[in-house]
Amino acid sequence: MHPLVPWFAATARDLPWRRPETTPWGVLVSEFMLQQTPVARVEPVWLRWMADWPVPSALAAASRADVLRAWGKLGYPRRALRLHQAAAVIATEHTDVVPSDVDVLESLPGVGSYTARAVAAFGYGKRCPVVDTNVRRVVARAVHGRGDAGPARARADLADVEALLPPDEPTAATLSAALMELGAVVCTARSPRCEVCPLRAGCAWQNAGRPEYTGPRKAPQAFAGTDRQVRGRLLDVLRGAAAPVEKAALDAAWSDAAQRDRCLDSLLVDGLAEQLDDGRFALPA
DNA sequence: AATTCGTGGGC
DNA sequence: TGCCCAAGAAT
């Protein structure tokens with residue numbers, strides 16, 4: 001796996017959260033935004049976010065409405081709320097310093113196994129296996145000779161990557177980033193660019209003749225007509241409104257009244273919206 | 001362990 | 001065009 005280190009040094013994308021001046025807080029923010037959202041859409045939002053809220057306590061002091069507006073259309077807006085909550089915990093319980101310990105990180109709202117390890121590795125240069133969908137695919141192919149990663153197996157996946165990391169901490173951290181980069185730009189899910197892959201010579205999948213993936217397929221995720229779409233429509237109305245809106249404005253966003261009301265209620269429960277005393281609706285203060 | 005949770009671009 | 005996918009987490 002060592003060929004990945006010089007390859008990464010030579011070809012890595014110049015992403016703003018990878019620049020040397022980026023703080024662990026900047027890394028944490030980027031990882032929240034990158035959960036299920038492509039790099040290209042995250043970049044401009046991250047830049048403005050860090051300018052507005054350069055430290056956790058600054059974000060913690062902002063209103064949820066401001067946070068949700070800044071999050072914009074990145075999707076899964078509950079992530080924005082969890083980041084807001086995590087910032088408050090960091091500010092009040094960790095003296096405004098992002099934790100470097102994986103277990104402490106994982107205790108923060110919205111921080112799971114991947115994000116905790118990414119912050120430890122990319123924010124603090126630790127030797128720490130980082131397993132995301134890209135890394136699982138690279139390991140499945142290069143190490144196991146399978147066309148794709150099957151269902152996640154947390155412990156086994158971590159052990160696979162742990163075995164690849166060199167002893168040297170900064171080199172291990174760089175390799176972690178390189179594995180993700182390879183999966184993102186070369187060893188992609190569809191149409192992998194094996195011709196330019198630095199691992200080609202030793203890749204188990206390549207050497208096996210690139211057999212097709214045979215394992216279980218993940219169930220395709222419907223979107224049109226789901227609550228997820230309706231919630232998105234409703235929240236888009238609230239995000240775009242300069243003042244609280246009447247219910248009629250939300251009614252116009254989706255025709256099925258029962259589904260619409262159920263989704264509005266779920267937004268209230270999630271803290272993504274609130275109803276004022278006069279009956280109007282708005283992003284939460 | 002299987003579902004739910006947004007949004008949009010690429011093929 | 002419709003389908004698949006994108007640096008996951010919580011339940």
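Residue numbers start from 1 in every chain, and the chains themselves are labelled A, B, ... in the order their sequence lines are given, proteins ahead of strands. For the numbers below, each heavy atom of this structure counts, side chains included, while hydrogens, waters and symmetry mates do not.
Note: Tyr114(A) OH to Leu158(A) CG = 13.0 Å, rounded to the nearest 0.5 Å. To the nearest 0.5 Å, atoms SG (Cys187(A)) and CG (Leu182(A)) are separated by 5.5 Å. Expressed to the nearest 0.5 Å, how far SG of Cys194(A) lies from CG of Leu199(A) amounts to 10.0 Å. Between Phe8(A) atom CZ and Arg13(A) atom CZ the span is 8.5 Å, to the nearest 0.5 Å. To the nearest 0.5 angstrom, Ile90(A) atom CD1 is 6.0 Å from Trp25(A) atom CH2. Remark: Arg146(A) CZ to Arg136(A) CZ distance equals 10.5 Å, nearest 0.5 Å.
Across residues 66-74 of chain A, Lys73(A), Leu74(A) each have a non-hydrogen atom less than 4.0 Å from an atom of DNA chain B (numbered order).
The side chain of Asn134(A) approaches dA7(C) more closely than any other nucleotide in the set dG8(C), dC5(C), dA7(C).
Taking atom CZ on Arg18(A) and atom P on dA7(C), their separation rounds to 11 Å, with Å as the unit. Distance, Asp132(A) CG to dC5(C) P: 15 Å, rounded to whole Å. In this structure, Phe223(A) places its CZ atom 14 Å from C1' of dC4(C), rounding to the nearest Å. Rounded to an integer number of Å, the gap from CD of Glu43(A) to P of dA6(C) is 19 Å. In this structure, Tyr76(A) places its OH atom 13 Å from P of dA6(C), rounding to the nearest Å. In this structure, CZ of Arg190(A) is placed 16 Å from P of dG2(C), rounded to the nearest angstrom. For the pair Leu28(A) CG and dG8(C) P, the interatomic distance rounds to 15 Å; values are reported in whole Å. Going from atom CG of Asp157(A) over to atom P of dA7(C) covers 16 Å, rounded to whole Å.
Following chains of ILVMFWY side-chain contacts shorter than 4.5 Å, one cannot reach Val102(A) starting from Phe32(A), and the two form parts of different hydrophobic clusters.
Residue Thr133(A) is classed as a sugar-phosphate contact, given heavy-atom separations below 4.0 Å to backbone atoms only. Residue Arg239(A) is classed as a sugar-phosphate contact, given heavy-atom separations below 4.0 Å to backbone atoms only. Using a 4.0 Å heavy-atom criterion, one finds that Arg137(A) contacts the sugar-phosphate atoms exclusively. Nucleic acid contact for Ala118(A): none, since no nucleic acid atom lies under 4.0 Å from a heavy atom of the residue. Within 4.0 Å (heavy atoms only), Pro151(A) reaches no atom of the nucleic acid at all. Using a 4.0 Å heavy-atom cutoff across all strands shown, Leu234(A) reaches no nucleic acid atom at all. Within the 4.0 angstrom heavy-atom criterion, no nucleotide atom of any strand lies near Gln229(A).
Salt-bridge check for Asp14(A) with Arg18(A): failed, with every basic side-chain N at 4.0 Å or more from each acidic carboxylate O. Remark: Glu31(A) does not engage Arg117(A) in a salt bridge, criterion side-chain N to carboxylate O under 4.0 Å. Using a cutoff of 4.0 Å between basic side-chain nitrogens and carboxylate oxygens, Asp265(A) and Arg262(A) are not scored as salt-bridged. A salt bridge between Arg141(A) and Asp148(A) is present, with a side-chain N of the basic residue lying under 4.0 Å from a carboxylate O of the acidic one.
Counting 5' to 3', DNA chain B first comes under 4.0 angstrom of a heavy atom of chain A and last does so at the ends given by dC5(B) to dG10(B).
Rounded to whole Å, the P atom of dC5(B) lies 22 Å from the corresponding atom of dA7(C). A distance of about 23 Å separates the P atoms of dA9(C) and dG8(B), rounded to the whole Å.
Met180(A) places a side-chain heavy atom less than 4.5 Å from the side chain of Phe122(A). Counting heavy atoms from C-beta outward, Ser266(A) and Asp227(A) have side chains that stay 4.5 Å or more apart.
For Ser191(A) and Leu267(A), each mapped to the nucleotide of DNA chain B holding its nearest heavy atom, the one lying further toward the 5' end belongs to Leu267(A). Residue order along DNA chain B, read from the 5' end via each residue's closest nucleotide, puts Ala219(A) first among Gly75(A) and Ala219(A).
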What are the atom names and distances for every N/O pair under 3.5 Å that joins the protein to nucleotides 9-11 of chain C?
from    : atom 1 : to        : atom 2 : distance (Å)
dA9(C)  : OP1    : Gly112(A) : N      : 3.0
dA9(C)  : OP1    : Thr115(A) : N      : 2.9
dA9(C)  : OP1    : Thr115(A) : OG1    : 2.7
dA9(C)  : OP2    : Tyr114(A) : N      : 3.3
dA10(C) : OP1    : Gly110(A) : N      : 2.7

